[in-house]
Enquirer: 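The structure under discussion is supplied below as structure tokens; questions concerning it will follow.
One-based numbering along the sequence shown. Remember, it's 1-based here, ligands and their atoms both numbered in the order they're listed. Note that the coordinates shown come from a computational prediction; the quantities given were computed from them, not determined experimentally.
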Amino acid sequence: MSYQNLVPRFIKYAKQTTRSDENSATIPSTKSQSVFAHQLVAELQQIGLSQVHISTKSAYVLATLPTNLPATAEVPKIGLIAHMDTADFNAENVQPQIQKNYDGKATIPLAKSGYYLDPAEFPNLKNYAGEDLITTDGTTLLGADDKAGIAEIITAAEYLLAHPEIKHGTIQIGIGPDEEIGKGADNFDVTEFPADFAYTVDGGPLGELEYETFNAAQAKIKLIGKNVHPGTAKDVMVNALQLAFDFQAQLPADEVPEKTAGRQGFFHLIDLNGTVDQAEMTYIIRDHDRSKFESRKELLQQIAARMNAEYGEERVVLEVTDQYYNMREVIEKDMTSVKLAQTAMEELKIKPIIYPVRGGTDGSKISFMGLPTPNLFAGGENMHSRFEFVSVQVMERAVDVILQIIKSAVHKAK
Ligand SMILES: [Zn+2]
């Protein structure tokens with residue numbers, strides 16, 4: 001269906017800078033997100049949602065669409081979640097461009113930036129023949145991740161408010177900060193969000209439905225060397241940089257991001273710096289399988305222990321922190337949320353695309369707080385870059401899916 005306010009709403013959001021900052025300690029991490037949050041509050045109040053406020057704890061914009069069914073109706077309360085921040089890429093002065101009725105073949109110039117969206121380079125463009133694409137002007141990202149999600153959720157709520165004849169249960173809305181720096185959901189409070197299950201609307205192309213993510217941890221490793229004059233170093237010097245190489249050499253060489261796909265996990269060295277005296281390494285560890293994930297962390301411990309034993313003193317200091325877990329562990333105990341979304345898409349003749357995400361979502365954390373939260377497509381492509389784009393028609397389909405889920409939940413409960 002076409003929704004009058006969807007595209008203007010998205011463009012208004014996209015133009016507003018809301019980049020997060022991983023070096024900030026405030027919640028939200030940037031002032032620009034607070035400014036945006038206050039504007040969302042005004043908008044949500046204006047369209048007629050209830051209990052609109054910003055959580056002092058999580059900085060989420062929260063709102064409720066009360067049910068229009070009798071209090072006795074047993075309909076699940078559904079949550080809809082999106083994030084307001086944009087990724088680590090220029091987001092100043094975003095100028096969305098609309099390419100109407102794209103033919104699926106042409107190269108789209110990104111305004112006068114000298115950059116192009118070329119189907120030879122981005123074959124995903126071929127999926128959009130006949131659709132209207134919103135692109136950047138080549139100087140910034142677009143922020144469809146996840147402002148498309150926000151616009152879709154709010155447009156769905158607006159539609160329900162304008163069509164009281166559509167019966168629905170209670171809908172909770174949460175628009176959070178700082179997803180891109182992996183912190184936003186940490187402060188999410190399920191007691192402020194009374195829902196039976198929720199969806200993040202933060203996925204990519206049409207049909208995406210995700211309920212499986214990585215298990216994720218980060219390892220920080222300090223290598224302690226002993227620096228002496230290289231001329232008299234024999235049997236005395238311990239080179240911290242060599243310790244780092246030795247550590248890395250004991251990890252399985254093929255279990256790295258660039259050599260894995262699907263459900264294969266990895267160790268990913270993301271930072272290495274140091275001198276002879278001392279060095280630091282940072283790894284991220286990822287695996288869909290919880291026991292393999294635990295074994296990976298165990299392997300790091302074993303390597304550190306072995307090296308320390310070899311030197312007879314602590315030369316390798318390892319600190320491992322879990323970041324998030326595979327939400328499937330929670331969701332598969334009650335697949336209602338996934339089945340509802342799957343059925344809704346099928347009813348709309350959209351083929352659900354279900355696969356394990358090689359990453360995490362806010363739902364990875366929120367699910368483990370007791371609120372099962374799979375992820376729905378929002379439409380964005382080539383996210384986090386100047387080549388980001390979103391199809392208007394896919395955004396419309398996302399609103400359709402949200403509405404269909406809400407309708408099906410009532411239907412199913414009857
Ligand atoms: Zn996102």
Side-chain angles (χ1 to χ4, degrees), residues 9-10 13-22 28-30 32-33 36-37 40 58-61 79-91 94 96 124 134-136 140-156 173-188 198-214 216 284 286 323-324 327 341 353 355-367 373-391 394-395 397-399 401-402:
R9 178 171 279 137
F10 170 71
Y13 298 163
K15 283 185 171 177
Q16 210 161 330
T17 308
T18 56
R19 182 174 174 173
S20 46
D21 174 7
E22 68 170 343
S29 68
T30 48
S32 60
Q33 293 182 77
F36 186 65
L40 283 180
S58 65
Y60 269 67
V61 174
L80 297 167
I81 296 171
H83 67 89
M84 62 179 99
D85 64 318
T86 60
D88 192 20
F89 194 87
N90 184 24
V94 176
N124 51 358
I134 307 177
T135 73
T136 73
T140 65
L141 49 61
L142 179 61
D145 173 15
D146 184 26
K147 285 164 179 167
I150 303 175
E152 289 152 9
I153 290 170
I154 296 179
T155 301
I173 293 174
I175 312 293
D178 296 331
E179 190 269 355
E180 300 291 359
I181 56 172
K183 289 181 185 169
D186 291 344
N187 303 299
F188 186 85
Y199 301 92
T200 48
V201 185
D202 190 21
L206 182 73
E208 267 191 19
L209 168 58
E210 299 154 340
Y211 66 97
E212 183 164 4
T213 59
F214 274 144
I284 58 170
R286 299 289 187 262
Q323 296 170 303
Y324 57 84
M327 61 162 99
I353 302 168
Y355 64 93
V357 189
R358 291 181 67 77
T361 66
D362 274 343
S364 316
K365 286 176 181 165
I366 294 171
S367 294
T373 305
N375 189 34
L376 294 174
F377 71 92
E381 290 262 22
N382 303 344
M383 291 172 186
H384 303 188
S385 83
R386 68 177 88 246
F387 303 107
E388 192 181 2
F389 69 91
V390 66
S391 151
V394 174
M395 287 178 65
R397 300 296 269 162
V399 181
V401 168
I402 293 168

Enquirer: Counting distance only, does the side-chain N/O of D178 pair as donor-acceptor with the main-chain N or O of K183 below 3.5 Å?
Expert: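 Side chain of D178 to backbone of K183: no pair is present.
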
Enquirer: Which residues pass the side-chain hydrogen bond (donor to acceptor under 3.5 Å, both in side chains) test with Q323, sequence neighbours left out?
Expert: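 Q323 satisfies side-chain hydrogen bond (donor to acceptor under 3.5 Å, both in side chains) with R286 only.
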
Enquirer: Quick check: do Y199 and I153 have side-chain heavy atoms less than 4.5 Å from each other?
Expert: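 No, too far: nothing below the 4.5 Å cut-off.
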
Enquirer: In this structure, is the centre-to-centre distance between the rings of Y324 and F214 below 6.0 Å?
Expert: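 Centroid separation for F214 and Y324: 6.0 Å or greater.
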
Enquirer: Would a distance-only check, ignoring hydrogens and angles, find a side-chain to backbone donor-acceptor pair under 3.5 Å from E388 to G143?
Expert: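 Present.
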
Enquirer: May I ask you to determine how many protein N/O/S atoms are under 2.8 Å from the Zn ion (ligand 1)?
Expert: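 That number is 4, waters not included.
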
Enquirer: Are more than 12 heavy atoms from other residues, nucleotides or ligands located less than 6.0 Å from atom CG of D186?
Expert: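 Enclosed: over 12 neighbouring heavy atoms sit under 6.0 Å from CG of D186.
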
